[in-house]
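Data first, discussion second: the structure below is written as structure tokens.
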Amino acid sequence: MTNDDNWNEYVVDMETCTECNGQFLENYVGELECQSCGIIDGQALDTGKEWRVFSDGSGANQERTGMAPTWMLHDKGLTTDIDWRNRDHAGGRISGDFAKRLRRIRTQHKRTRIRNSTERNLVSALSELNRLASQMTLPQPIREEAAYIYRKSVEAKLVRGRSIEGVVAASLYAACRMRGNPRTLDEVGLHSRTGRKEIGRTFRAIRRELGLDVSPAQPEGYIPRFCGDLGLPANVEGRALLILRQVSDTSMMAGRGPTGIAAAAVYLSSRMGESKRTQREVSQAAGVTEVTIRNRYREICEALEIDPENPTVPEILLR
DNA sequence: AAGACGAAAGTGGTTGA
DNA sequence: TCAACAACTTTCGTCTT
């Protein structure tokens, strides 16, 4: 029996899932999540359509009121669209003078959607935002948050004297941290035309001027991504998070870079089980040096009284 | 040969006078 | 504005597996 095998017996003390008899385990945002079917706290998510039927109940009509407003479109998605096809409501062809008129209306409509230079800027900034977020594979809520921060920055005239790209990158960086899915400045800088330095400077300005409540990045936030990049199984990830939770009360965290701590926790967790990773592999996934991992590793082992040579799951982590 | 270790010097950012 | 400072990186020789 490996360490990895008996690990789960101690961590999981929750009931079993009513849907599939799988085990509930606390995920990193503190919800109870079924390990096999992913249901949160016994509540299955309804992935069905939200169409409501007001007419004959046959379900043939699919009424609703359009998509939810989004900060990702310059007009928040509140607009009317005119179909580009020359067809009437029944699908019949529209031709002749009326088709000509329709073409004219479409042109005018396009012009009214983008009214002034501010909106034009917003359009290009938001497309840059989307490009960046896509390259970094960021989820929709973070993009929304970033778009909102960017809008506020424009309102506060923070783009004056700064590049649009810089403000976009800084907004994204801030949104990632605020949503507990932190990225390093290096990472954002890698995908943006602006460098790490400028993004950092701009981020500080935005935070100060908008009074954003951005707490320091928590090492926990990096764990899922590092483990994913390293192809580590879920139990190693869960154990790394528990290690962090134990160590977070100690003084070793003070003043240390969160990425280094997270990297060391992943490295330690991987060494406790069968799927081991080298310092080099972890350092590349985490963007810190092996030396830093070694130092944090030593400190974590010291704090948790773990033998660095032959790390086993310590008593304090079992309950 | 690869991985781990640790010393020593260098770098970039923060802090406090 | 500048120097001190801590964290982190780079580099490199040595030891272990």
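- The CD1-C1' distance, from A:Ile293 to B:dG3, rounds to 13 Å in whole Å.
- Counted by atom type alone, A:Ser248 and A:Glu220 present zero donor-acceptor pairs between their side chains at under 3.5 Å.
- Note: CD (A:Glu309) to P (C:dC15) measures 16 Å, nearest angstrom.
- One N or O on the side chain of A:Ser124 and one on the backbone of A:Asn121 form a donor-acceptor pair closer than 3.5 Å.
- A:Ser153 contributes a side-chain N or O that, together with a main-chain N or O of A:Ile149, makes up a donor-acceptor pair within less than 3.5 Å.
- Listed in residue order, the members of residues 278-291 of chain A having a heavy atom less than 4.0 Å from DNA chain B are A:Thr278, A:Gln279.
- Residue A:Tyr297 is the one, among A:Tyr297 and A:Arg196, whose nearest nucleotide of DNA chain B lies closer to the 5' end (criterion: closest heavy atom).
- Applying the 6.0 Å contact sphere to NZ of A:Lys100 captures no more than 12 heavy atoms from other residues, nucleotides or ligands.
- Residue A:Asp307 places its CG atom among more than 12 non-hydrogen atoms of other residues, nucleotides or ligands, all under 6.0 Å distant.
- Contact of the A:Leu126 side chain with the A:Arg151 side chain is registered, since non-hydrogen atoms from C-beta on lie closer than 4.5 Å.
- Sparse packing is recorded around CZ of A:Arg280, with 12 or fewer heavy atoms of other residues, nucleotides or ligands lying under 6.0 Å away.
- Using a 4.0 Å cut-off on heavy atoms, none of the residues of residues 205-213 of chain A approach DNA chain C.
- Distance, A:Arg294 CZ to C:dT9 C1': 12 Å, rounded to whole Å.
- One interatomic measurement links the two molecules: CG of A:Asn295 to C1' of B:dC5, which rounds to 10 Å at whole-angstrom precision.
- In this structure, C:dA6 makes no Watson-Crick or G-U wobble pair, since no nucleotide meets both defining distances under 3.5 angstrom.
- Rounded to whole Å, atom C1' of B:dG13 lies 17 Å from atom CD of A:Glu198.
- A salt bridge links A:Lys152 and A:Glu155; the closest N-O separation between the charged side-chain nitrogens and carboxylate oxygens is under 4.0 Å.
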Any chance you could lay out the side-chain hydrogen bond (donor to acceptor under 3.5 Å, both in side chains) test for A:Glu281 and A:Ser270, step after step, and finish with the verdict? CA-CA 11 Å; A:Glu281 287 169 319; A:Ser270 87; over 6 Å; no
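- A:Arg204 has a side-chain polar atom (N or O) that falls below the 4.0 Å cut-off from OP1 or OP2 of B:dT14.
- Atom CG of A:Asp186 and atom P of C:dC8 are 14 Å apart (whole Å).
- Atom-to-atom, CZ of A:Arg298 to P of C:dC8 comes out at 12 Å; the value is rounded to the nearest Å.
- Across the protein-nucleic acid pair, A:Lys197 atom NZ and B:dG13 atom P stand 5 Å apart, rounded to whole Å.
- Put simply, A:Arg201 has no side-chain N or O that comes within less than 4.0 Å of OP1 or OP2 on B:dG13.
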